[in-house]
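First the structure, in the form of structure tokens, and then the observations on it.
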Amino acid sequence: MAYDFSVIEPKWRKIWEDRKAFHVETDESRPKFYCLEMFPYPSGALHMGHLRNYSIGDLTARFLRMNGYNVMYPIGFDSFGMPAENAAIKMKTHPAEWTIGNIDHMTEQLKSMGCSYDWRRVVKTCLPDYYRWSQWFFLRMYEKGLAYRKHAPVNWCETCGTVLANEQVVGDGVCWRCETPVVKKGLEQWFLRITDYAEELLEYLGKLTGWPERVLTMQRNWIGRSEGVRFDISIADTDLSIEAFTTRIDTIFGITFVAVAAEHPIVRTLADRMTSEKRAAVLDFVSGISSRSAMERTAAGGDKMGMDTGFAAINPVNGARVPIWIADYVLMDYGTGAVMGVPAHDQRDFDFVRKYGLGIIPVVRVPGEPVPDPEKMESAAEADGVSCSSGRFDGLPTQEAIEKIGEWFESEGWGRRETQYRLRDWLISRQRYWGTPIPVVYCGKCGIVPVPESELPVELPLGAAIPPNGGNALLGCPDWINTSCPRCGGHARRETDTMDTFICSSWYFFRYLSPDSDDAPFRRGDAKYWMPADLYIGGIEHACLHLIYARFFTKVLSDLGLTDPNLREPFTGLLTQGMVIKDGAKMSKSLGNVVDPDEIIKRYGADTARLFILFASPPDKSLDWSDKGVEGAHRFLGRVWRLVEENIKSLASAGGSTVPMSDLPDAESRGLKRLIHSTIDRVTRDIRDERQLNTAVARLMELCNGLSSFTSRDGAGRAVFREGVESLLLCLSPFCPHICEELWEMLGHEELLAVSRWPAADSGALVVDTVTVVLQINGKLREQYSVPPGLSRDELAERVLAEEATKRRIEGLDVVRVISVPDKLVNIVVRG
RNA sequence: GCGAGGGUGGUGGAACUGGUAGACACGCCAGACUUAGGAUCUGGUGCCAUCGGCGUAGGGGUUCGACUCCCCUCUCUCGCACCA
């Protein structure tokens with residue numbers, strides 16, 4: 001009987017399901033492991049990235065299950081969002097229909113992979129029994145002031161017809177989904193106060209030791225903390241002032257101008273006090289800047305644009321009058337929207353001054369050198385040094401000057417020290433239909449009124465017709481929009497914006513734990529037992545999106561008292577899988593280098609697909625797809641199959657007992673026994689400690705090769721052979737579960753391999769009879785010798801020096817030194 | 001520019017705290033079995049060569065000994081990018 005995966009794979013999936021092999025429950029008496037994967041968006045079909053993600057996840061889940069852990073390993077679908085609406089228009093269907101159809105298809109695909117999910121726990125975020133809890137969280141946050149509505153300049157994507165959060169504007173200022181350049185628009189929108197958590201989000205990054213450094217750095221940069229001084233600069237000959245923020249208050253004596261953002265409100269105020277001609281010029285300049293997208297603004301290659309307002313600012317420390325300019329490099333949404341211009345010590349200010357011919361005043365010098373000549377400066381001196389031309393602060397090292405001048409500003413009442421973050425509050429409104437409705441109504445009398453908890457969920461009207469022009473379908477649902485005010489009973493309008501889908505994915509990993517809970521989003525006890533997730537596997541593209549939002553949500557849930565107060569982080573370990581590459585580029589439809597997982601599974605089986613993916617490269621590195629490599633993996637499984645099938649009689653008669661090393665009569669059997677246990681040892685360490693799944697596979701291939709060439713299959717040898725085959729199947733089963741399960745059954749086992757115990761390496765079987773040591777002469781390899789292990793430094797040197805070959809090698813040479821490393825080598829240093 | 005991670009055979013990739021570079025696999029070559037084989041099995045395969053030499057992006061250093069540690073340079077990928 002040949003290896004026929006098309007029969008074996010469905011057979012075992014059915015048996016696993018029938019025997020509920022992967023059902024899991026909260027069980028305080030057992031150690032838990034929560035293995036979480038980034039759930040897919042139901043775009044239509046799985047791609048190779050999914051296959052890789054879930055192969056790694058299933059391997060982990062199966063490995064830990066066999067190692068005695070109570071393993072939570074769930075899956076779900078992140079099923080709200082734009083693509084469903086686009087597809088609905090294109091294919092003349094309804095987003096719900098399209099989405100549910102895709103979920104069904106992808107569920108079949110996921111099942112065909114043989115992943116050991118607890119399928120009872122599937123979460124679909126587009127269903128009311130899920131999103132009602134997103135709405136419920138929103139209400140809790142609204143009560144606490146964490147959800148609020150404000151008018152602000154926001155990011156607008158014309159193609160998607162909606163606003164976006166800052167995190168969803170990527171690259172050169174384009175929409176994360178459709179890559180349309182994003183423009184600013186002033187709108188009243190809902191926000192979540194994630195900035196309240198900026199400090200903790202940053203601080204706790206230091207505790208996430210199981211996260212890749214790369215992701216931590218990206219989040220650190222995104223949160224962007226900086227300490228500085230916020231202070232007032234008064235405007236000469238007016239009653240006005242401007243607030244500025246700086247991290248380099250030590251350079252305050254070097255101000256030669258003040259720059260404000262084009263969008264800064266002071267610009268209008270000042271414009272109103274200008275001559276009509278000047279005013280028109282200024283407003284024209286400002287609207288020119290504002291109308292450009294972020295992409296256009298940065299595309300100019302850093303060339304800075306500015307215009308003099310004609311007004312002067314007064315430096316608080318010395319009364320110096322400096323011009324106030326409008327500059328396009330000053331951003332309204334960071335700091336105060338105004339900066340003090342210190343060209344001597346800030347490259348941007350320097351560039352600006354170069355262009356517009358403003359002055360330069362150096363106020364920091366290199367210790368031991370004179371004050372630099374501003375005429376001869378070629379770039380700004382941004383490095384620390386000592387203060388100069390700064391009155392009584394002269395001679396202070398930069399850090400000390402920052403400290404002292406900051407104190408001075410506070411004591412004079414000119415300003416205060418402050419910490420700034422780049423992180424902005426999370427804009428969650430979306431002018432889209434296919435999302436979680438925001439549970440508020442607008443009443444003419446009462447204003448914003450939250451929908452009472454008892455009326456949740458606010459269900460999305462499924463009858464809505466999707467407008468072909470891409471607008472929000474909810475606007476076409478008057479019966480849904482028009483409602484009564486929960487407070488006064490009068491007429492009210494429902495909020496027609498829905499929530500950002502990243503809300504859905506910010507807490508789904510809690511819902512998995514209590515999927516049937518209908519009086520709370522999840523049960524506290526379940527969360528206490530399972531959270532935080534021990535390993536989270538997914539792509540790095542979510543480093544500053546989902547992974548920040550989910551951390552924020554976890555902290556909020558904890559502060560709302562819904563979870564243990566100590567649960568501050570959702571994911572202990574994070575594994576960011578590498579991309580799947582083909583022909584040197586990421587798989588993509590436009591390049592035409594996509595390989596369809598379905599076809600691979602159909603042609604070679606899921607076991608082969610998984611094995612190849614796990615073998616071809618370490619999980620966190622990119623993976624080069626190779627059709628030949630897949631065939632190689634398939635061939636290997638064929639060899640494993642034949643190893644059992646062709647020896648089944650001998651294997652069956654061997655029984656289950658193992659023979660200790662000392663009872664093995666021949667060297668070959670002892671060698672195999674040693675190989676078996678060193679393989680178990682290495683594979684276990686590779687998976688558990690290093691996540692080096694590719695080398696784990698390599699070890700198992702070596703074991704298979706060793707078993708294939710093993711000849712003494714009688715008596716004690718037969719028992720060792722069987723032990724080897726069983727160990728191979730046990731260790732290989734997390735990689736390719738179906739074939740291993742089938743062969744396991746052929747060996748006469750009734751218990752499922754999937755729930756069998758992972759083998760333990762017998763340290764007694766790891767001992768070796770001899771070791772190979774090498775002779776080096778001046779560090780170059782010359783001879784190899786077999787010696788007993790454990791010789792001392794001197795014994796080894798003596799023994800190697802006594803060898804004829806050694807003597808020949810050093811004959812007539814002057815031995816200067818002999819270095820001996822036990823069990824490794826002897827290096828003879830010679831001269832002449 | 002800043003930050004992170006890489007650069008090892010024809011290819012994907014191994015190499016524990018410095019101690020036999022190239023595990024394992026792909027490809028290739030040769031052979032066996034076959035009507036045939038893109039099936040399977042066996043052997044070979046870093047480079048140059050006659051001993052021997054050279055090899056982990058390049059250059060320097062530390063060391064008895066360096067893919068591994070230190071310094072410099074080049075290069076690739078990813079992320080951020082006027083953040084005051």
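Residue numbers begin at 1 in each chain, while the letters A, B, ... track the order of the sequences.
Rounded to whole Å, atom P of B:rC64 lies 17 Å from atom CD1 of A:Ile777. For the pair A:Asn778 CG and B:rG65 P, the interatomic distance rounds to 8 Å; values are reported in whole Å. When rounded to the nearest whole Å, the span between CG of A:Leu611 and C1' of B:rG13 equals 15 Å. Protein atom CD1 of A:Ile581 is 9 Å distant from nucleotide atom P of B:rC78, rounded to whole Å. Regarding A:Phe636, its CZ atom lies at a distance of 22 Å from the P atom of B:rG12, rounded to whole Å. B:rU11 atom C1' lies 14 Å from atom CG of A:Asp627, rounded to whole Å. In this structure, the CG atom of A:Leu637 is 13 Å from the P atom of B:rA25, given to the nearest Å. As a whole-Å value, the separation of A:His634 NE2 from B:rA25 P is 17 Å.
Taking atom P on both nucleotides, B:rG18 is separated from B:rA32 by 50 Å, rounded to a whole Å. B:rG13 and B:rG6 are spaced 14 Å apart, taking the C1' atom of each and rounding to whole Å. If you take atom P in B:rG59 and the same atom in B:rG22, they sit 22 Å apart, rounded to whole Å. Taking atom C1' on both B:rU56 and B:rC47, the two are 13 Å apart, rounded to the nearest angstrom. When the P atom is used for both B:rU73 and B:rC78, the distance is 23 Å, rounded to whole Å. For the P atoms, the distance linking B:rC16 with B:rU68 amounts to 12 Å, nearest Å. If you take atom P in B:rC70 and the same atom in B:rU62, they sit 15 Å apart, rounded to whole Å. Between B:rA14 and B:rU20, the two C1' atoms lie 15 Å apart (nearest whole Å).
Taking a cutoff of 4.0 Å between a charged side-chain nitrogen and a carboxylate oxygen, A:Asp333 and A:Lys184 qualify as a salt bridge. For A:Asp681 and A:Arg685, the salt-bridge test passes: some basic side-chain N is under 4.0 Å from an acidic carboxylate O. Salt bridge annotation for A:Glu227-A:Arg225: present, with a cationic side-chain nitrogen under 4.0 angstrom from a carboxylate oxygen. Between A:Glu213 and A:Arg220, at least one side-chain N (NZ, or NE/NH1/NH2) sits under 4.0 Å from a carboxylate O, which counts as a salt bridge. Remark: A:Arg642 does not engage A:Glu645 in a salt bridge, criterion side-chain N to carboxylate O under 4.0 Å. Under 4.0 Å is where a charged nitrogen must lie from a carboxylate oxygen, and between A:Arg808 and A:Glu803 no such pair does. Using a cut-off of 4.0 Å between Lys/Arg side-chain N and Asp/Glu carboxylate O, A:Arg230 and A:Glu243 are scored as salt-bridged.
The partner of B:rA15 cannot be assigned: no Watson-Crick or G-U wobble pair with both contacts below 3.5 Å exists in any strand. Across all strands shown, B:rC69 pairs with B:rG61; the Watson-Crick or G-U wobble distances both stay below 3.5 Å. Base pairing analysis places B:rG43 opposite B:rC29; the two distances defining the Watson-Crick or G-U wobble pair are each below 3.5 Å. The base-pairing partner of B:rU35, taking Watson-Crick or G-U wobble contacts with both distances under 3.5 Å, does not exist among the strands shown. With a cut-off of 3.5 Å on both pairing distances, B:rC51 has no Watson-Crick or G-U wobble partner at all. Shown here, B:rG22 forms no base pair; nothing in the strands shown gives a Watson-Crick or G-U wobble contact with both key distances under 3.5 Å. In this structure, B:rU77 and B:rA4 make a Watson-Crick or G-U wobble pair, each of the two defining distances being under 3.5 angstrom.
Within 4.0 Å of A:Asn705, counting heavy atoms only, lie sugar-phosphate atoms of the nucleic acid but no base atom. A:Arg782 comes within 4.0 angstrom of sugar-phosphate atoms only, judged by non-hydrogen atoms across all strands, and of no base. Within 4.0 Å (heavy atoms only), A:Gly224 reaches no atom of the nucleic acid at all. Across all strands shown, A:Val829 has heavy atoms under 4.0 Å from sugar-phosphate atoms exclusively, and none from any base. Residue contacts shown for A:Arg214 are limited to sugar-phosphate atoms, with no base heavy atom under 4.0 Å away. Across all strands shown, A:Ser622 has heavy atoms under 4.0 Å from sugar-phosphate atoms exclusively, and none from any base.
Geometric assessment of A:Lys304 against the ring of A:Phe352 yields a negative cation-pi assignment under the 6.0 Å and 45° thresholds.
Judged by distance alone, with hydrogens and angles left aside, A:Asn221 brings no side-chain donor or acceptor close enough to the base of B:rC80 to form a pair under 3.5 Å.
Among B:rG19, B:rA84, B:rU20, the nucleotide with an atom closest to any side-chain atom of A:Leu781 is B:rU20. Closest to the side chain of A:Glu213, out of B:rA84, B:rA4, B:rG19, is B:rA4. Distance from the side chain of A:Arg809 is smallest for B:rG52 among the nucleotides B:rG19, B:rU20, B:rG52. Taking the side chain of A:Val339 as heavy atoms from C-beta on, and the options B:rA84, B:rG65, B:rA14, the nearest nucleotide is B:rA84. Ranking B:rA84, B:rG19, B:rG12 by closeness to the A:Phe615 side chain, first place goes to B:rG12. The nucleotide whose nearest atom lies closest to any side-chain atom of A:Leu331 is, among B:rG12, B:rA25, B:rA84, B:rA84. Of the candidates B:rA14, B:rU20, B:rA81, B:rA14 carries the atom nearest the A:Asn694 side chain, counting heavy atoms from C-beta on. Each of B:rG27, B:rA14, B:rG12 was ranked by its minimum atom distance to the side chain of A:Thr695; first place goes to B:rA14. Considering only the side chain of A:Asp328, B:rC82 comes nearest among B:rU20, B:rC82, B:rG19. With B:rG12, B:rA84, B:rG79 as the choices, the nucleotide that has an atom nearest any side-chain atom of A:Asp624 turns out to be B:rG12.
For the pair A:Gln219 and B:rC80, the criterion of a side-chain N or O lying under 4.0 Å from OP1 or OP2 is not met. Taking side-chain N and O atoms only, A:Ser226 has a distance below 4.0 Å to OP1 or OP2 of B:rA84. Contact check, A:Arg422 against B:rA81: a side-chain N or O comes under 4.0 Å of OP1 or OP2.
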Under 3.5 Å, sequence neighbours excluded: what are the donor-acceptor pairs made by side chains of residues 628-638 of chain A?
| from | atom 1 | to | atom 2 | distance (Å) |
| --- | --- | --- | --- | --- |
| A:Glu631 | OE2 | A:Tyr604 | OH | 3.3 |
| A:His634 | ND1 | A:Tyr604 | O | 3.4 |
| A:His634 | ND1 | A:Thr608 | OG1 | 2.8 |

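Side chain to side chain, A:Tyr329 and A:Asp349 meet the donor-acceptor criterion of an N or O pair below 3.5 Å.
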N/O to N/O distances under 3.5 Å, protein versus nucleotides 38-40 of chain B:
| from | atom 1 | to | atom 2 | distance (Å) |
| --- | --- | --- | --- | --- |
| B:rU40 | O3' | A:Arg642 | NH2 | 3.0 |

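With the nearest nucleotide of RNA chain B identified for both A:Pro618 and A:Gln776, A:Pro618 has the one nearer the 5' end. A residue-by-residue look at A:Ala338 and A:Val697 shows that A:Val697 has its nearest nucleotide of RNA chain B further toward the 5' end.
Expressed to the nearest 0.5 Å, how far CD1 of A:Ile194 lies from CH2 of A:Trp426 amounts to 6.5 Å.
Checked against the 6.0 Å centroid criterion, the rings of A:Trp414 and A:Phe231 do not qualify as a close aromatic pair.
In this entry the base of B:rG9 is syn relative to its sugar, with a glycosidic angle within 90° of 0.
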